[in-house]
Amino acid sequence: GRARQGRADRAQRGDTVKMDSKCRVTGCRILAVVATTLPWLALANPRPLPYSYPYETLAAQKFEIEQYADLVPVRVARENPDGTLSGVFSLRSVLQTELEYGITDRLELGWYFVFQQGASAAEPTLRFEGVKQRLRLRLAEEGEWPVNVGLYLETAEFHDELEVEEKLLLSKRLGSVNLVANLWVAQEYAFQTNETELLYNPTLGATYEFSPHLIVGAEYWARGAFGESLADTKHYLGPTLLLQSGDVWLSAGTYFRLD
């Protein structure tokens, strides 16, 4: 799941208010997922849309490794020798290693290790945030239902909070075109401050398959909190690209803020 970055977004916006010109989030972010499978264990199970989980799952007893990177350019303050401040760009990033295993042909287990690095003009620090566990279940074979449906459940244990995520995974293939949507909600409990947040993070995308080695698409996603004004919801849209060769694939997207 991708909800962890949302908390960093909200924290960064808070810093922007307090620091004014010292720090400003740009309207762009880059997300990339690289995956490889052990040839004697599995065939690749690519994800053409970086934010949207597909309906498909790994086959039983198959194993895949994914490396996910979410990079957000942020304008931060650098102190000049004369004591004045100037704005420079830095990257805020989330790095996540995902281990996926097919329990059955329809049920898949995932185990994630999450690292996060804040944006800094000088020496940004990469730190271990915590771990995640998730299950993804395919309810039927592709084409048996008018819309392909999957269920997703994830739990996460971070250094400062606990999270639970639920997703309804929907997809429909029309020849070379594939439509994908994730109806996604999350609950976060920050145990250090005893605060709870209920979040929504829907996604919607479409891809076109030129060949199994090249798939292009576009993806929209939004992020907000229940109980807050809809005007506070952040909306993103951008192009996506999937490249695949043998047992290795790369999925990447660049997203721009719409609000």
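On a predicted model such as this, the values are computed, not experimentally measured, just so you know. Nothing fancy with the numbering, it's 1 onward along the sequence.
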When rounded to the nearest 0.5 angstrom, what distance separates OG1 in T97 from CZ in F113?
8.0 Å

Within-4.5 Å side-chain heavy-atom neighbours: W249 and L242
yes

Parallel, tilted or perpendicular: which describes the rings of F210 and Y208, with under 30° parallel and over 60° perpendicular?
perpendicular

Can we say K62 and E64 salt-bridge, meaning some charged N sits less than 4.0 Å from an Asp/Glu carboxylate O?
no

Do Q67 and V33 have side-chain heavy atoms sitting under 4.5 Å apart?
no

Does some side-chain heavy atom of H159 sit less than 4.5 Å from a side-chain heavy atom of R127?
yes

Show the nearest heavy-atom pair for residues P48 and S251, with the distance to one decimal.
O-OG, 3.3 Å

Rounded distance (nearest 0.5 Å) linking atom CG of L107 with atom CG of D105:
10.5 Å

From CA spacing to verdict: side-chain contact (heavy atoms from CB on, under 4.5 Å), V72, L91
CA-CA 5 Å; V72 183; L91 283 179; over 6 Å; no

Considering residues, nucleotides and ligands other than L174, do more than 12 of their heavy atoms fall under 6.0 Å from its CG?
yes

Under a single-linkage definition using a 4.5 Å side-chain heavy-atom cutoff for Ile, Leu, Val, Met, Phe, Trp and Tyr, are L137 and L153 assigned to the same hydrophobic cluster?
no

Can you check whether L168 reaches L170 side chain to side chain, under 4.5 Å on heavy atoms?
yes

Test V88 against V76 for side-chain contact (heavy atoms from CB on, under 4.5 Å), laying out the working first.
CA-CA 6 Å; V88 297; V76 298; 4.0 Å; yes

So is R136 actually on top of Y152's ring, under 6.0 Å and inside 45° of the axis?
no

Using only atom types and a distance under 3.5 Å, with no angle test, would you say the side chain of T233 pairs donor to acceptor with the backbone of G224?
no

Only residue of Y220, W221, F256 satisfying ring-ring contact (aromatic ring centres under 6.0 Å, His included) with Y236 is W221

Donor on one side chain, acceptor on other, S176 and E209, under 3.5 Å
no

Heavy-atom closest pair, residues P50 and T240:
CD-CG2, 3.7 Å

In Å and rounded to the nearest 0.5 Å, what is the CZ to CG distance from F63 to L109?
10.0 Å

Test side-chain contact (heavy atoms from CB on, under 4.5 Å) on F191 and L162; report intermediate values, then the result.
CA-CA 8 Å; F191 49 80; L162 304 175; 4.1 Å; yes

Just verifying a value: how many Å separate L241 CG and L49 CG, rounded to the nearest 0.5 Å?
11.0 Å

Side-chain donor/acceptor of E219 to backbone N/O of Y51, under 3.5 Å:
yes

Any donor-acceptor N/O pair, D259 side chain to H235 backbone, under 3.5 Å
yes

Do the side chains of V177 and L214 join up, straight or via other hydrophobic residues, at under 4.5 Å, putting them in one cluster?
yes

Indicate yes or no: at least one non-hydrogen side-chain atom of Q61 is less than 4.5 angstrom from one of Y101.
yes

Between CD of E161 and CD of E195, what distance do you get to the nearest 0.5 Å?
10.5 Å

Electrostatic pair R134-E108, nearest N-O below 4.0 angstrom
yes

If hydrophobic clusters are built from ILVMFWY residues whose side chains come within less than 4.5 Å, do L139 and V147 share one?
yes

Between K132 and E157, is there a side-chain N and carboxylate O pair less than 4.0 Å apart?
no

Would you kindly say whether Q187 and E166 are connected by a side-chain donor-acceptor distance under 3.5 Å?
yes

Would you say V74 and S90 make side-chain contact, with heavy atoms under 4.5 Å?
no

Report whether V216 and L179 are members of the same hydrophobic cluster (ILVMFWY, side-chain heavy atoms less than 4.5 Å apart, transitive linking).
yes

OG of S245 to CG of L250: how many Å apart, nearest 0.5 Å?
11.5 Å

Check: D160 side chain, A190 main-chain N or O, donor-acceptor pair, under 3.5 Å:
no

State, yes or no, whether a side-chain contact exists between K234 and R257 at a heavy-atom distance under 4.5 Å.
yes

Heavy-atom closest pair (R223 atom, N201 atom, distance to 0.1 Å) is NH2-OD1, 2.9 Å

Check: W184/E165 side-chain N/O donor and acceptor closer than 3.5 Å:
yes

Considering non-hydrogen atoms only, spot the tightest contact between P73 and L71 and give its length.
CD-O, 3.9 Å

Between S52 and T203, which heavy-atom pair has the shortest distance, and what is it?
OG-OG1, 2.7 Å

Shared hydrophobic cluster for L183 and W145 (ILVMFWY, side-chain gaps under 4.5 Å):
yes

Is a side-chain donor or acceptor of H213 paired with a backbone partner of Q244 at a separation under 3.5 angstrom?
yes

ring-ring contact (aromatic ring centres under 6.0 Å, His included) between Y200 and F226, worked out:
CA-CA 7 Å; Y200 55 88; F226 292 101; 5.1 Å; yes

Would you mind checking if R138 and E56 are paired as a salt bridge, meaning a charged N to carboxylate O distance below 4.0 Å?
no

From Y68, F158, F128, residue fulfilling ring-ring contact (aromatic ring centres under 6.0 Å, His included) relative to F115:
F128

Just wondering, do S171 and N178 contact through their side chains at under 4.5 Å, heavy atoms?
yes

